[in-house]
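Everything below concerns the one structure shown next.
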2 protein chains.
Amino acid sequence: MNNYTTILRQHNLKATPQRLAIADILYVQGHINIESLYAVMLKKFNSISLATIYKNINIMVENSFIQEVKIPHAKSVYELKKEEHSHLVCNECGEVQDVTIDLDTKIDEMAQANNFILSSSNLVLAGICKNCH
Amino acid sequence: MNNYTTILRQHNLKATPQRLAIADILYVQGHINIESLYAVMLKKFNSISLATIYKNINIMVENSFIQEVKIPHAKSVYELKKEEHSHLVCNECGEVQDVTIDLDTKIDEMAQANNFILSSSNLVLAGICKNCH
DNA sequence: CTGACTGCAAACGTTTTGCACGGTA
DNA sequence: TACCGTGCAAAACGTTTGCAGTCAG
């Protein structure tokens with residue numbers, strides 16, 4: 001019983017081959033959009049339905065097992081949930097990269113100044129990645 | 001000839017009543033999603049089409065007259081283009097608020113460390129606004 | 001007056017739903 | 001075995017397109 005099986009069960013989700021494959025693909029690829037995920041899944045399950053992809057993505061998001069990342073001028077991608085981090089998005093190749101960057105002090109100050117109770121911080125930086133210049 | 005008329009013409013866009021109304025609504029409301037914008041526009045133009053809303057929003061975004069803001073777990077909102085700033089989004093009431101917060105130093109450092117050429121930075125902070133607690 | 005814009009209806013792509021069957025626990 | 005999950009087909013949804021008529025410049 002591998003890692004993802006355990007985590008899925010902890011969320012009262014059955015560890016089906018399809019779900020384990022999604023987890024595995026996200027682990028390997030880091031970030032992927034629905035369309036590409038479907039394409040990759042089709043290689044492993046020749047008759048998988050897009051509906052299954054959507055149902056699983058949705059339920060896994062609801063259970064905080066994975067997370068949606070909304071990207072300016074592009075389709076959302078999904079990633080395994082982990083510690084808070086930011087994203088670099090390349091406008092050339094579309095590649096999404098995780099980065100950690102500590103902005104807490106300034107953000108907390110600002111939240112306090114606005115009497116705002118912070119629960120999450122989403123930073124997406126767009127530009128050109130090192131492979132595209 | 002008012003302000004928005006001038007700006008629209010600078011982008012080779014005709015200053016139609018519908019476009020001026022959109023600009024005015026964005027100015028007054030700050031941020032609005034398509035659905036609400038359509039509802040407000042219907043009050044001013046009783047037979048306006050959703051297609052017109054979409055066409056105008058799209059062309060105004062392409063011309064950098066307005067900007068889309070993607071929000072976690074919610075519909076995108078649109079705002080008039082202005083200097084770079086961040087957004088506070090209330091998970092209770094949905095209100096979106098502009099804030100300026102200078103994170104450039106840290107972000108630039110990080111971009112440089114990753115050999116990434118930065119072109120835009122999008123920060124959305126979610127939580128509970130001052131009116132909701 | 002002319003090209004750009006509007007409103008309508010139809011088309012389109014994406015996401016969700018309902019249902020019968022199949023598989024996990 | 002009981003229920004949850006899958007796959008399929010249809011439906012729903014948001015957005016885009018084509019077209020004929022209208023309006024801004």
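Just so it is clear: chains get the letters A, B, ... in the order the sequence lines come, proteins before strands, and each one is counted from 1. If you're wondering where the values come from, they're calculated on a predicted model, not measured in any experiment.
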Pairs touching residues 122-133 of chain A that satisfy salt bridge (Lys or Arg N to Asp or Glu O under 4.0 Å), sequence neighbours left out: none

Sequence-distant partners of B:Tyr27, side chain to side chain contact (heavy atoms under 4.5 Å, CB included), two or more places apart: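 Scan of B:Tyr27 (side chain to side chain contact (heavy atoms under 4.5 Å, CB included), adjacent residues dropped) gives B:Tyr4, B:Leu80.
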
What does the list of N/O pairs under 3.5 Å between the protein and nucleotides 23-25 of chain D look like, with a distance for each?
{"from": "D:dA24", "atom 1": "N3", "to": "B:Lys14", "atom 2": "NZ", "distance (Å)": "3.4"}
{"from": "D:dG25", "atom 1": "OP1", "to": "B:Arg9", "atom 2": "NE", "distance (Å)": "2.8"}
{"from": "D:dG25", "atom 1": "OP1", "to": "B:Arg9", "atom 2": "NH2", "distance (Å)": "3.0"}
{"from": "D:dG25", "atom 1": "OP1", "to": "B:Ala15", "atom 2": "N", "distance (Å)": "3.3"}
{"from": "D:dG25", "atom 1": "OP2", "to": "B:Arg9", "atom 2": "NH2", "distance (Å)": "3.1"}

All N/O donor-acceptor pairs, side-chain side in residues 100-108 of chain A, below 3.5 Å, sequence neighbours left out:
{"from": "A:Asp102", "atom 1": "OD1", "to": "A:Asp104", "atom 2": "N", "distance (Å)": "3.1"}
{"from": "A:Lys106", "atom 1": "NZ", "to": "B:Asp102", "atom 2": "O", "distance (Å)": "3.3"}

Within residues 37-46 of chain B: residues closer than 4.0 Å to DNA chain C (heavy atoms): none

Provide, to the nearest angstrom, the distance between the [atom1] atom belonging to [X] and the [atom2] atom belonging to [N].
X	N	atom1	atom2	result
A:Glu35	C:dT14	CD	P	6 Å
A:Asn58	C:dT14	CG	P	16 Å
B:Leu50	C:dA10	CG	C1'	15 Å
B:Ile53	C:dG7	CD1	P	8 Å
B:Glu68	D:dG14	CD	C1'	13 Å
A:His11	D:dC4	NE2	C1'	17 Å
A:Lys70	C:dT14	NZ	C1'	14 Å
B:Ile57	D:dT16	CD1	C1'	15 Å

A:Asn56 side-chain N/O to D:dG5 phosphate OP1/OP2 under 4.0 Å: no

OP1 or OP2 of C:dG7 under 4.0 Å from side-chain N/O of B:Thr52: yes

Residues clustering with A:Ile117 (ILVMFWY side chains joined when closer than 4.5 Å, directly or via others):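 B:Ile128, which link up through side-chain heavy atoms under 4.5 Å apart, make up the rest of the cluster.
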
Hydrophobic cluster partners of A:Val96 (side-chain heavy atoms under 4.5 Å):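 Its cluster partners, ordered by chain and number, are A:Val69, A:Ile71, A:Val77, A:Val89, A:Val124.
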
Touch class at under 4.0 angstrom, heavy-atom based, for A:Gln18 against every strand present: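 Sugar-phosphate contact only.
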
How would you list, by chain and number, every residue that makes a salt bridge (Lys or Arg N to Asp or Glu O under 4.0 Å) with [X], sequence neighbours excluded?
X	result
B:Lys75	B:Glu35
B:Asp24	B:Lys44
B:Asp98	B:Lys82

For A:His31, all residues meeting ring-ring contact (aromatic ring centres under 6.0 Å, His included), sequence neighbours excluded: A:His87

Would you tabulate the nitrogen or oxygen pairs shorter than 3.5 Å linking the protein to nucleotides 18-21 of chain D?
{"from": "D:dG18", "atom 1": "O6", "to": "B:Lys55", "atom 2": "NZ", "distance (Å)": "2.9"}

